[in-house]
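In the text below, chain A, chain B and the rest are named by the order of the sequence lines, each starting its count at 1. Small disclaimer: the values here were computed from a predicted structure and weren't measured. Basis for what follows: all heavy atoms, side chains included, without hydrogens, waters or symmetry-related copies.
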Amino acid sequence: MADTIDSKNIVRTRFAPSPTGFLHVGGVRTNFYAWLLARRFGGKFVLRIEDTDRERFVPGAVQSILEDLQWLGIDIDEGPTAEELKRCDPTYTGSFNYGGPYGPYVQSQRIERYKEVAERLVEMGYAYRCDCTPEMLKKEREEQMARREPPGYSGYCRTRNVPADTKHVIRLKIPERESIYLDDAVKGRIVWDKISLRDTVLLKSDGFPTYHLAVVVDDHDMKISHVMRGEEWISTAPVHILLYRALGWKMPVFCHLPSVLGQDGKKLSKRHGATNISAFRREGYLPEALLNLLLLVGWNPGEGEEQEIFTREEMIRRFTIENINKAAAVFSYDKLKWMNGVYIRNMPQERFIKEAEAVCLDAGIQVDEHRLRDIAPYVQERIKLLTEVPDMVKFLFVEELERDYGTMFKKGLPPDMSLKVLRVSLEKLEGIEDFTVSRIEETLREVPQELDLKVGKAFVVIRIAVTGQKVTPPLFESIYALGRETAIKRLKEAIEEIESEHYRAKEG
RNA sequence: GGCCCCAUCGUCUAGCGGUCUAGGACACUGGCCUCUCACGCCAGAAACACGGGUUCGAGUCCCGUUGGGGUCACCA
């Protein structure tokens, strides 16, 4: 079935977005698989813009889709040139520029070709002109509904020989009685005893093709070997098969992928529950983690294999159509978050520092490179999203702290004991000559010991005094990163604040 | 409603007739580790939708039922 892949057949897959909205996880999964297949077999990954619907065209969509793709690291071998993109969307300002031997790679710039094919189909008798107005079609549909019949075009113009110079559409004649099948590479053989579709429009009255015509013509012209698309296309696949047959063209291998579902079990779509890919970036997800999870939503590495984290190279090397699942799957944010944490922990430290700096900057925190560097390893192993960095490290980079004494007194020690802890800590810290992590630890551990307190309780007090936070990287490392002067200053501040609070409470 | 697709723990999945008292991962619960939070480690709870066949034997093959999804546009 899927073994039409051999050395003679060059694998060419494509990503064919329509600029009617943003890119979401469902779309990414489909095209990531297509990309993996091309990479796996040393083939080509083609980008084609399917902008035949001028009414739903969204300016800026092309650019955002390409940027998201770039962020994900899904690279393109063939596609529109910069001029083609610019012509497609005047608002486009990006610098993407692909090109290739089968251009233009934008459908609105290929309409002559579709028209030519449509005319040929009419001449051969596979298609016909139809001048029924939208009003007529609507009325027909309503009458059918009233009679509880399935709605659909009656085929009124099939034999009317509508002249070419009137405003018309071109429809494909669908042989209702004929049985037809598709050997799908993931679903297996799909059989239609009779095609329950009505004569489908191929060329609209504005001269633009519908998806059905354009996709067949382009996939053929661009020598696409494997078509990966969502299973929502299965029901119209007979139209495409009929077209390939009428035109005498070789069919590509079809891979209809199961849907990606939201947490509610409903198909993810631009209209329903889907998040824009760029939102993942904003929320602190890594592209590698997102792709790794998506790989596993609908594909598995095979029998007995329990590996879940794959490098890009491993993904490419191991990807196979055979292991694609047939059933729809829910996209789990929980698992994505876990996986993102894994990727963050495995990240080279230098990259983590860069990412951390960027995300802090976004949060309005100007970092001190030195301090960040000291604390980074401890932050890296405790977060799941990059966006958790600012909250965890902000104590290092702000002047003023807002200390939550309520928590200090409740989870730590009552005011007078807290005060005692801080005074002793201050005194000891001031006495250290070599300000190292181990020295800090050694010294601070003496505090609860001398005062006969529980270690945890005492450290809650110190932690809040020094960082103003309940949750921080390890205490001694935090103090070290902060530096001796600042640490001492903060202890003094806390002591003063508690004293005044304390006395006020007594007076009151 | 017609047509089509699908069906293993809450979720992602392994399983391609016997080795399944159904394995892994996320999430969840308990414990250990521990200066907070994480990480890590150990343990636990948790699934073959149902009914018929086929077979010596069915999670695995066939049929039906149920359930979910998709699609029936001059949208993709």
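- Within 4.0 Å (heavy atoms only), K470(A) reaches at least one base atom of the nucleic acid.
- Using Watson-Crick or G-U wobble geometry with both donor-acceptor distances under 3.5 Å, rU36(B) finds no partner in any strand shown.
- For the C1' atom pair drawn from rU13(B) and rU71(B), the interatomic distance equals 28 Å after rounding to whole Å.
- Residue contacts for G298(A): at a heavy-atom cut-off of 4.0 Å it reaches the sugar-phosphate backbone alone, with no base atom in range.
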Nucleotide N/O of nucleotides 41-51 of chain B paired with protein N/O under 3.5 Å:
none

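- Put simply, CZ on F310(A) is 13 Å from C1' on rC12(B), counting in whole angstrom units.
- Rounded to whole Å, the distance from CD on Q469(A) to P on rC37(B) is 14 Å.
- Separation of the P atoms belonging to rC12(B) and rA27(B) is 15 Å when rounded to the nearest angstrom.
- rC33(B) sits 8 Å from rG40(B) when the C1' atoms are compared, rounded to a whole Å.
- One C1' atom belongs to rC20(B), the other to rU66(B), and the distance between them is 26 Å to the nearest Å.
- Donor-acceptor pairing under 3.5 Å, judged by distance alone, is absent between the side chain of R382(A) and the base of rC39(B).
- Taking both residues in full, the closest heavy atoms of V393(A) and C360(A) are given as CG2-SG, 3.9 Å, listed atom of the first, atom of the second, then distance.
- Taking side-chain N and O atoms only, K326(A) has a distance below 4.0 Å to OP1 or OP2 of rC6(B).
- Between N325(A) and rC6(B), a side-chain N or O to OP1/OP2 separation shorter than 4.0 Å is absent.
- Across rG24(B) and rA46(B), the matching P atoms stand 14 Å from one another, rounded to whole Å.
- As a whole-Å value, the separation of L475(A) CG from rC37(B) P is 13 Å.
- Side-chain atoms of V260(A) and H24(A), non-hydrogen and from C-beta on, never get closer than 4.5 Å to each other.
- The 12-atom threshold is not exceeded at CZ of R177(A), counting heavy atoms of other residues, nucleotides or ligands nearer than 6.0 Å.
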Exercise for the section: I would like to know whether D218(A) and R14(A) meet salt bridge (charged side-chain N to carboxylate O under 4.0 Å, His left out); could you show each step before the answer? Expected result: CA-CA 10 Å; D218(A) 287 348; R14(A) 41 67 166 182; over 6 Å; no

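- Between rC42(B) and rU55(B), the distance separating the two P atoms is 47 Å to the nearest Å.
- For residues 446-477 of chain A, the set of pairs meeting the ring-ring contact (aromatic ring centres under 6.0 Å, His included) definition, not counting sequence neighbours, comprises F459(A)-F476(A).
- The P atoms of rC16(B) and rA43(B) are separated by 26 Å, rounded to the nearest whole Å.
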Completion exercise
Contact string for nucleotides 59-64 of chain B, one letter per nucleotide 5' to 3', B = base within protein heavy-atom range under 4.0 Å, S = sugar-phosphate only, - = neither, reads ------

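- Among the heavy atoms of the strands, none lies under 4.0 Å from V215(A).
- The residue F476(A) sits close to a base: some heavy atom pair falls under 4.0 Å.
- I180(A) places its CD1 atom 17 Å from the P atom of rC3(B), with the value rounded to the nearest Å.
- When Watson-Crick and G-U wobble pairs are counted only if both distances are under 3.5 Å, rU29(B) pairs with rA43(B).
- Ring geometry for W233(A) against Y211(A) counts as parallel: the plane angle stays under 30°, on a 0 to 90° scale with 60° as the upper cut.
- Comparing N323(A) and W192(A) against RNA chain B, the residue whose closest nucleotide sits nearer the 5' end is W192(A).
- Rounded to whole Å, the distance from CD on E322(A) to P on rA14(B) is 14 Å.
- Taking the side-chain contact (heavy atoms from CB on, under 4.5 Å) definition, one finds that N323(A) meets it with W299(A), N300(A), T320(A), sequence neighbours left out.
- Defined by atom type and a distance below 3.5 Å, a donor-acceptor pair is missing between the side-chain atoms of T387(A) and E283(A).
- Residues passing the side-chain contact (heavy atoms from CB on, under 4.5 Å) test with E305(A), sequence neighbours excluded: P301(A), Q307(A), R318(A).
- Residues A481(A) and D374(A) approach most closely at CB-CB, 3.8 Å, considering heavy atoms.
- In this view, P151(A) and R141(A), Q144(A), M145(A) satisfy the side-chain contact (heavy atoms from CB on, under 4.5 Å) rule, not counting sequence neighbours.
- The side chain to side chain donor-acceptor pair (under 3.5 Å) contacts involving residues 469-479 of chain A comprise R463(A)-T472(A), where partners must be two or more places apart or lie in separate chains.
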Exercise for the section: Treat primed atoms plus P, OP1 and OP2 as sugar-phosphate and everything else as base, then score nucleotides 70-76 of chain B 5' to 3': B for base contact with protein heavy atoms under 4.0 Å, S for sugar-phosphate contact only, - for none. Expected result: SSS-BBB

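- As judged by a 4.0 angstrom heavy-atom cut-off over every strand, P473(A) is placed among the base-contacting residues.
- Between Q263(A) and N300(A), the residue whose closest nucleotide on RNA chain B is further toward the 5' end is Q263(A).
- The distance between atom CD1 of I462(A) and atom C1' of rC35(B), rounded to the nearest whole Å, is 9 Å.
- Scanning for side-chain hydrogen bond (donor to acceptor under 3.5 Å, both in side chains) contacts around R198(A) gives an empty result, with sequence neighbours left out.
- Across all strands shown, G341(A) has no heavy atoms under 4.0 Å from either base or sugar-phosphate atoms.
- Closest approach of S108(A) and D51(A) over heavy atoms only: OG-OD2, 2.6 Å.
- When both distances must be under 3.5 Å, the Watson-Crick or G-U wobble mate of rU60(B) does not exist.
- Residue contacts shown for D193(A) are absent, as no nucleic acid heavy atom lies under 4.0 Å away.
- Classification of the Y244(A)-F254(A) ring pair by plane angle, with boundaries at 30° and 60°, yields perpendicular.
- For residues 172-208 of chain A, no pair satisfies ring-ring contact (aromatic ring centres under 6.0 Å, His included), with sequence neighbours left out.
- Here the separation of rG10(B) from rC5(B), taken at their C1' atoms, is 24 Å to the nearest Å.
- Across all strands shown, rA7(B) pairs with rU66(B); the Watson-Crick or G-U wobble distances both stay below 3.5 Å.
- Atom CG of L261(A) is separated from atom C1' of rU11(B) by 11 Å (rounded to the nearest Å).
- Between K454(A) atom NZ and rU36(B) atom C1' there is a gap of 15 Å when expressed in whole angstrom units.
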Exercise for the section: List the protein contact pattern of nucleotides 19-32 of chain B with one symbol per nucleotide (5' to 3'): B for base contact, S for sugar-phosphate-only contact, - for none; contact means a heavy-atom distance under 4.0 Å. Expected result: ----SBBSS-----

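- Residues that satisfy the side-chain contact (heavy atoms from CB on, under 4.5 Å) test with V330(A), not counting sequence neighbours, are L261(A), Q263(A).
- In the set rA14(B), rC6(B), rU36(B), rC6(B) carries the atom at the smallest distance from any side-chain atom of A327(A).
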